[in-house]
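What you see below is based on every heavy atom in this structure, not just the backbone, and it leaves out hydrogens, waters and symmetry mates.
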Amino acid sequence: MADKAGPQGAAGRAPSVDQPEKIRNIALVGHSGAGKTTLVEALLAATGTIQRPGRVEDGSTVSDYDEVEMRQQRSVNLSLASFEHAGVKVNLLDTPGYADFVGDLRAGLRAADAALFVVSAVDGIDGVTRNLWEECAAVGMPRAVVITKIDQQRGDFDEVLTECQDAFGDGVLPCYFPCEAGLIALLSQKCIDYSSGSRAEREPDPEFLDRLSEQRGALIEGIIQESEDETLMDRYLSGEEIDVKALVEDLEKAVARGSFYPVLTTSVPHGDHPGPVIGMVELLEVITQAFPSPLEHGIPEVTTTDGSPASVLTCDADGPLVAEVVKTASDPYVGRISLVRVFSGTLTPDATVHVSGHGMADRGHEDHDIDERVGALTSPLGKLQRTVSSCVAGDICAVAKLTHAETGDTISAKERPLLMAPWSMPDPLLPTAIQAKSKADEDKLSQALGRLVAEDPTLRLENNSETRQLVLWNMGEAHADVLLDRLSSRYGVEVETVPLRVPLRETFGGAAQGLGRHVKQSGGHGQYAICHIEVEPLPSGGGFEFADKIVGGVVPRQFIPSVEKGVRIQMDRGVLAGYPMVDIKVTLYDGKAHSVDSSDMAFQTAGQLALKDAAGKAKVLLLEPVDEVAVLVADDYVGAVMSDLSSRRGRVLGSETVAGGRSLIKAEVPQLEITRYAIDLRSMSHGTGTFSRTFLRYEPLPSQLADKMIADS
């Protein structure tokens with residue numbers, strides 16, 4: 001593992017491969033600030049793909065090219081940067097590290113065959129990174145760790161390595177460790193010396209020999225054990241010196257099995273930390289030689305569009321076409337661009353394909369099956385689109401002008417439409433109510449929101465008919481800020497946020513009688529309708545009942561349904577604060593009619609007046625929706641979370657222990673108290689807590705809060 005990295009390509013020319021085994025798809029994963037984007041720049045410069053690395057602070061990096069990213073100096077989108085090294089095409093997927101953008105992170109994992117966890121030697125790992133590691137473990141994703149910023153004053157490689165081993169398990173073992181001159185390579189037993197400003201190999205200094213011997217033995221045993229190479233283990237235990245090439249082959253097997261996690265180390269100097277770039281050659285060797293190809297990564301479940309089982313597919317360039325849109329973006333000049341991972345077959349420009357999208361209707365993505373014509377195919381290098389002639393199984397490309405394809409959709413041959421099982425997406429649980437600032441903005445808002453929803457499956461759009469509010473359900477404040485920024489900067493739509501209204505209900509607190517009298521005479525036919533009703537409350541969830549106890553035809557039979565209709569209309573409008581009325585029984589027991597002036601509309605109006613009259617004689621209650629909330633949090637935060645839920649007028653039902661040192665807390669909490677809970681829980685649990693909510697029932701609102709709601713209405 002010692003070849004130097006040299007210029008393999010240029011930004012204007014896309015790397016081209018025609019065999020899946022020559023492809024590596026790597027997702028960079030880690031918390032915000034760990035150095036993922038800076039690492040991408042260093043790898044691109046090391047392979048000659050770009051002339052010089054950009055800086056996040058300057059907004060000049062390849063992968064952070066969105067205006068929002070340059071302003072905020074952090075990644076908020078999944079981006080792809082492809083390069084070639086040692087005859088292998090590497091697709092680097094730079095994922096956002098901030099929890100609000102987990103949708104793009106999971107899309108990157110879907111497109112990748114391995115994950116490279118980027119950990120800062122200064123900051124270590126956080127709870128979010130631990131959760132991501134567990135997510136990768138659950139799907140058997142091969143992983144490696146790269147520790148960055150070893151050159152910085154507060155960087156401590158050994159401490160962070162121990163932290164990773166404690167968090168990720170015994171399979172985490174270093175392939176290199178840093179020294180003053182550069183790196184000590186455990187397999188080749190060489191010192192990689194960068195002290196002169198260029199890379200050179202020499203024998204390690206004597207003070208490192210004991211550590212080298214100890215850690216090399218542990219590494220070799222770990223590689224052989226996890227690769228299950230019994231022959232090599234016997235040779236090693238007998239004292240035979242094992243060839244480095246054989247160890248690298250076993251290293252690849254162990255990594256591909258998802259049970260062994262090599263640790264690399266890098267330093268990318270910038271700003272106040274001048275010095276050589278360390279560890280790029282070593283990292284490139286591990287990526288190209290030890291990471292699995294698409295042939296070693298299974299294809300997600302595939303069915304026909306009607307849900308019937310489809311034949312098992314493999315990563316074969318000559319097989320049936322199956323690809324997936326993992327990211328959708330809008331370019332002001334090109335239009336919609338779809339980032340596509342091809343799992344089987346070969347995608348070519350100008351081909352007519354079938355686009356299927358199912359299972360996301362609750363988030364505004366309607367089910368669809370439609371044929372579309374593929375536009376140009378490109379290999380992205382950040383925002384630069386480099387033309388390619390085809391995209392084979394295992395590769396990733398960008399496709400222009402797929403007007404109906406949305407994130408998560410399946411692309412297949414039109415003669416054989418197929419559908420891939422969707423990947424898991426978290427529910428957006430932070431509501432943000434918005435309204436257009438002007439009539440002109442209102443006209444453009446619908447189309448702009450439709451495009452945002454097509455791009456982002458973690459965004460849900462709700463047009464609430466009860467509260468008459470437009471609500472964006474998103475992942476957090478940062479997510480909401482980016483969405484509003486894009487509405488303004490990309491689509492020229494100005495909106496403002498408004499206080500969220502929770503849909504309350506009204507009901508009667510006791511029985512009462514009401515008189516509805518609608519008598520008018522204005523020449524010609526007048527209006528005449530009188531009805532007497534009795535209203536009584538029903539149990540929670542009882543809905544609405546209407547009883548007819550008219551005797552002697554005092555209200556003609558044809559007008560009795562009119563009274564009921566009028567009551568229902570008034571129930572929808574409410575009688576106290578404008579909220580719909582529920583859980584009442586209305587009995588019509590008396591009334592009067594006129595042979596000429598009575599009509600359907602007259603009795604509808606009388607029914608409305610009767611309900612309002614009864615409401616004035618009885619106590620009317622405001623009801624609030626209550627959710628069942630399930631909070632998954634580390635054991636360290638259980639007490640704080642329970643206390644917080646109780647302070648929100650919640651009833652904690654109990655907790656149960658979950659694997660991984662976590663607990664699941666269940667509680668019943670009013671919706672009024674958890675509109676911002678996604679933000680508060682993240683702060684309380686240091687980003688590690690998650691929750692779900694399900695509507696349970698309506699309950700009476702406490703009188704002091706009800707009075708305030710009535711006054712506000």
Between Arg451 and Glu455, is there a salt bridge with N-O shorter than 4.0 Å?
-> no
Pair Thr129, Asp126: side-chain N/O donor-acceptor within cut-off below 3.5 Å = yes
Please confirm whether the backbone N or O of Val502 pairs with a side-chain atom of Gln671, one donor and one acceptor, at under 3.5 Å?
-> no
Take Trp473 and Asp427 through the test side-chain contact (heavy atoms from CB on, under 4.5 Å) and record every step on the way to the result.
-> CA-CA 9 Å; Trp473 287 86; Asp427 290 326; over 6 Å; no
Side chains of Leu449 and Leu472: closer than 4.5 Å at any heavy-atom pair?
-> yes
Presence of salt bridge, Arg341 and Glu324, under 4.0 angstrom = no
Verdict with supporting geometry, Arg106 and Thr458, side-chain contact (heavy atoms from CB on, under 4.5 Å) | CA-CA 11 Å; Arg106 291 191 181 179; Thr458 61; over 6 Å; no
Of Asn474, Asp481, Thr675, which is the lone residue that meets side-chain hydrogen bond (donor to acceptor under 3.5 Å, both in side chains) with Thr432?
-> Asn474
Check: Leu347 and Val353 side chains under 4.5 Å, non-hydrogen atoms = yes
In this structure, are over 12 heavy atoms from other groups packed under 6.0 Å from Gln447 atom CD?
-> no
Give a yes-or-no answer on whether the side chains of Thr37 and Thr61 include a donor-acceptor pair shorter than 3.5 Å.
-> no
Would you say the side chain of Pro625 lies within less than 4.5 Å of the side chain of Phe695, judging by non-hydrogen atoms?
-> yes
So do Asp627 and Thr694 actually touch side chain to side chain, heavy atoms under 4.5 Å?
-> no
Between Thr352 and Asp371, is any side-chain donor less than 3.5 angstrom from a side-chain acceptor?
-> no
Between Asp409 and His404, a side-chain donor and acceptor under 3.5 Å = no
Using atom types as modelled and distance alone, determine if a side-chain donor or acceptor of Glu496 lies under 3.5 Å from a backbone N or O of Gln435.
-> no
In sequence, state the C-alpha distance, the side-chain angles, and the governing distance for Tyr698 and Val582, and then conclude on side-chain contact (heavy atoms from CB on, under 4.5 Å).
-> CA-CA 10 Å; Tyr698 276 90; Val582 296; 5.8 Å; no
Gap separating the CD atom of Gln385 from the OG1 atom of Thr378, nearest 0.5 angstrom = 3.5 Å
Check: Asn464 main-chain N/O paired with Gln469 side-chain donor or acceptor under 3.5 Å | no
Kindly indicate whether the side chain of Phe544, heavy atoms from C-beta on, has any atom under 4.5 Å from the side chain of Glu564.
-> yes
How far apart are the C-alpha atoms of Met475 and Leu430, what are their side-chain angles, what is the distance that settles it, and do they pass the side-chain contact (heavy atoms from CB on, under 4.5 Å) test?
-> CA-CA 6 Å; Met475 300 300 300; Leu430 179 67; over 6 Å; no
Quick one: do Asp572 and Arg568 satisfy salt bridge (Lys or Arg N to Asp or Glu O under 4.0 Å)? Show the steps, please.
-> CA-CA 6 Å; Asp572 289 339; Arg568 287 182 180 273; over 6 Å; no
Distance (rounded to the nearest 0.5 Å) between Gln604 CD and Gln608 CD = 7.0 Å
Between Val471 and Pro431, the two heavy atoms sitting closest are CG1-CB, 3.7 Å
Inspect the contact between Asp613 and Lys617 and indicate whether a charged nitrogen and a carboxylate oxygen are less than 4.0 angstrom apart.
-> yes
Are the side chain of Asp441 and the backbone of Glu494 linked by a donor-acceptor contact shorter than 3.5 Å?
-> yes
Donor-acceptor under 3.5 Å (Asp104 side chain, Leu78 main chain) | yes
Could you state the interatomic distance from CG (Leu504) to CG (Leu622), rounded to the nearest 0.5 Å?
-> 6.0 Å
Give a yes or no answer on whether the side chain of Gln527 reaches the backbone of His518 with a donor-acceptor pair at less than 3.5 Å.
-> no
4.5 Å side-chain heavy-atom contact, Pro702 and Glu624 | yes
Give a yes or no on whether a salt bridge exists between Arg505 and Asp583, defined as a side-chain N under 4.0 angstrom from a carboxylate O.
-> no
Taking Asn131 for the side chain and Thr688 for the main chain, is one N or O donor matched with an acceptor at less than 3.5 Å?
-> yes
Taking side chain as C-beta onward, heavy atoms only, is Ser82 less than 4.5 Å from Asn91?
-> yes
Nearest non-hydrogen partners of Ala614 and Val535, listed with the distance | CB-CG2, 3.9 Å
Does Asp456 come within less than 4.0 Å of Arg486, counting only side-chain N to carboxylate O?
-> no
Do you know which two heavy atoms are closest between Thr328 and Glu406, and how far apart they sit?
-> OG1-C, 3.5 Å
So, Glu699 and Arg649, do they make that salt bridge, N to O below 4.0 Å?
-> no
Rounded to the nearest 0.5 Å, how far apart are CG of Leu402 and CZ of Arg336?
-> 9.0 Å
Is the closest basic N to carboxylate O distance between Arg676 and Glu477 below 4.0 Å?
-> yes
For the side chain of Arg386 and the backbone of Ser379, is there at least one donor-acceptor N/O pair under 3.5 Å apart?
-> yes
Smallest heavy-atom separation, Ala678 atom then Phe691 atom, equals CA-CE2, 3.7 Å
How far apart are the closest heavy atoms of Val102 and Pro426, and which atoms are they?
-> CG1-CG, 3.4 Å
Would you indicate whether the side-chain heavy atoms of Ser75 and Asp94 approach each other to under 4.5 Å?
-> yes
If you take all heavy atoms of Ser692 and Leu429, which pair is closest and at what distance?
-> CA-CD1, 4.4 Å
Value for NZ (Lys327) from OG1 (Thr407), rounded to nearest 0.5 Å, stands at 6.5 Å
Enter the distance from Leu645:CG to Glu668:CD here, rounded to the nearest 0.5 Å.
-> 11.5 Å
Do side-chain atoms of Ser412 reach the backbone of Leu418 as a donor and acceptor pair under 3.5 angstrom?
-> yes
Within 6.0 Å of NZ in Lys666, more than 12 heavy atoms from elsewhere | no
Is the side chain of Gln570 donor-acceptor paired with the backbone N or O of Lys612 at a distance under 3.5 Å, no angle test?
-> no
